[in-house]
Amino acid sequence: MAKKKNEEKVSVDDQKEDERKKSMSLIDLPGVGDATKKKLMDAGISSIKELALYPITRLVEDVGLGEKTAYKLVKAAQEIESMGFKSASAVWEKRKQLRRITTGSANFDELLGGGIETGAVTEIFGEFRTGKTQITHQLCVNVQLDHENGGLEGSAIYIDTEGTFRPERIIQMAEARDMDYNTVLKNIIVGRAYNSDHQILLAREAARFIEEKNVKLLVVDSIITHFRSEYIGRGTLANRQQLLNSHIHDLIRLSESYDELAVVFTNQVSAKPDMFYGNPIIHTGGHIIAHGSTIRLYLRKGKGEQRIARVVDAPHLPEEEAVFSITEDGIRD
Ligand code: ATP
Ligand code: MG
């Protein structure tokens, strides 16, 4: 009995502690004044969790903080977020609660263990017209569905690097689901990225309104286009990979900072894959991208409107395939 009471007390205390942490913001950290806060916000760091996950060297080099300040801040943030070790059962409890966004196809969802995961980065890669952009459009609609229907009751941010975001398509998909398309469109925040620097900035800016706008999905379609066209030839490849790496880490940090945020980016299969590797299935961006995403999906064309999705090295999913279709109504079985 006494033990039970004790357990209850612990869980109430935990809850209180969680609430206290949730209500803390950057400004509550010792030594963070308006000037430091602005620097952090400009770098896309808007919460204590994001700061806790930020590399100290980048705080010094990119954000412009002094070394001592950077170290102190990150340490304080990590303590607040209790970022030490935890038991596997605590990790399991967290994963059990993890929500997913339906793709619109039962086959595809099953392949993914229920849909696109929150708290993770999913990469969708494949040749042109394999449906990468169609899927990301569909997810922007589906994330708005209620929980019973496979959504997260949230909004979406869409970083469009190729100019292929189409509200018309969103309207078709929303109407097919009997959703009010005006509301659906309002809940998708689109940023057209005109070059790779702009793309990086937009991803950092996105951090500012994730909480405020109840954002549950962040899309980058596609991650590589600008990087590929701006950094031509092997001479600048190292530079390009470094920038791409830090961009992808910004995305990872976001997915890890917000429990209910799914991050999805698309990637093209290189037309000249031998520039990087010999295998045509290997996508552009090389190791940097492959190691940046938690779940990688390779798409290829099937008959007519059919497409085949294959899971490529996810930590908990077998390498299987699913067939889905792209119809006027959107992604279906
Ligand atoms: P890219 O690498 O060129 O960006 P992608 O993988 O993003 O290609 P999508 O634009 O997602 O390709 O897919 C295009 C395909 O989606 C078309 O070939 C067509 O089959 C299908 N599609 C697009 N719009 C519709 C629609 N309104 N109704 C039915 N199918 C459509
Ligand atoms: Mg596309």
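When a residue number appears, it is its place in the shown sequence, counting from 1. Atoms within each ligand, like the ligands themselves, are counted from 1 in listed order.
When the options Lys132, Arg169, Glu305 are ranked by their closest heavy atom to atom 31 (C) of ligand 1, first place goes to Arg169. Nearest-residue assignment for atom 23 (C) of ligand 1 (options Gln138, Gln134, Met173; heavy-atom criterion): Gln134. Among Arg307, Arg129, Glu328, the residue whose heavy atom sits closest to atom 20 (O) of ligand 1 is Arg307.
Protein heavy atom at the shortest distance from atom 21 (C) of ligand 1 is Ile326 CG2, 3.7 Å. Atom 3 (O) of ligand 1 has its closest protein heavy atom at Phe128 CB, 3.4 Å.
The Glu127 neighbourhood of ligand 1 comprises atoms 6 (O), with distances under 4.0 Å to a heavy atom of that residue. The Gly131 neighbourhood of ligand 1 comprises atoms 5 (P), 6 (O), 9 (P), 11 (O), 12 (O), 13 (O), with distances under 4.0 Å to a heavy atom of that residue. Atoms of ligand 1 lying under 4.0 Å from any heavy atom of Thr133, numbered from 1 in the order shown and given with element: 4 (O), 5 (P), 7 (O), 10 (O), 11 (O). Listed by number with element, the atoms of ligand 1 under 4.0 Å from a non-hydrogen atom of Glu162 are 4 (O). Close contacts between ligand 1 and Thr327 involve ligand atoms 28 (N), 29 (C) [criterion: under 4.0 Å to a heavy atom].
Look at Glu168 and you'll find every heavy atom at least 4.0 Å from all atoms of ligand 1. The shell of residues lying under 4.0 angstrom from ligand 1, judged by heavy atoms, excludes Thr164.
Counting heavy-atom neighbours within 6.0 Å of Glu153 CD, excluding the residue itself, gives a total above 12.
Near the Mg ion (ligand 2), less than 2.8 Å away, sit the protein N, O or S atoms Thr133 OG1.
Between Leu53 and Met83, the closest side-chain pair of non-hydrogen atoms falls below 4.5 Å. Put simply, the side chain of Ile223 reaches to within 4.5 Å of the side chain of Leu244, judged on heavy atoms.
With 3.5 Å as the limit, one finds no donor-acceptor pair spanning the side chains of Arg307 and Gln134. Counting only N and O atoms by type, the side chains of Thr225 and Glu162 include a donor and acceptor under 3.5 Å apart. Between the side chains of Asp109 and Thr102, at least one donor N or O lies within less than 3.5 Å of an accepting N or O. With 3.5 Å as the limit, one finds no donor-acceptor pair spanning the side chains of Thr327 and Ser325.
Summarising the geometry, atom CE belonging to Met173 is positioned 10.0 Å from atom CD belonging to Glu328; distances are rounded to the nearest 0.5 Å.
Ring centroids of His137 and Phe165 are separated by less than 6.0 Å, placing the two rings close together.
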Let me check something: any side-chain donor-acceptor pairs from residues 124-131 under 3.5 Å, sequence neighbours excluded? List them with distances.
from   : atom 1 : to     : atom 2 : distance (Å)
Thr130 : OG1    : Glu127 : O      : 2.6

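Minimum interatomic distance between Glu81 and Ala52 (heavy atoms only, all atoms of both residues): CG-CB, 4.2 Å.
The pair Glu205-Arg208 fails the salt-bridge criterion, with no side-chain N (NZ, NE, NH1 or NH2) lying under 4.0 Å from an Asp/Glu carboxylate O.
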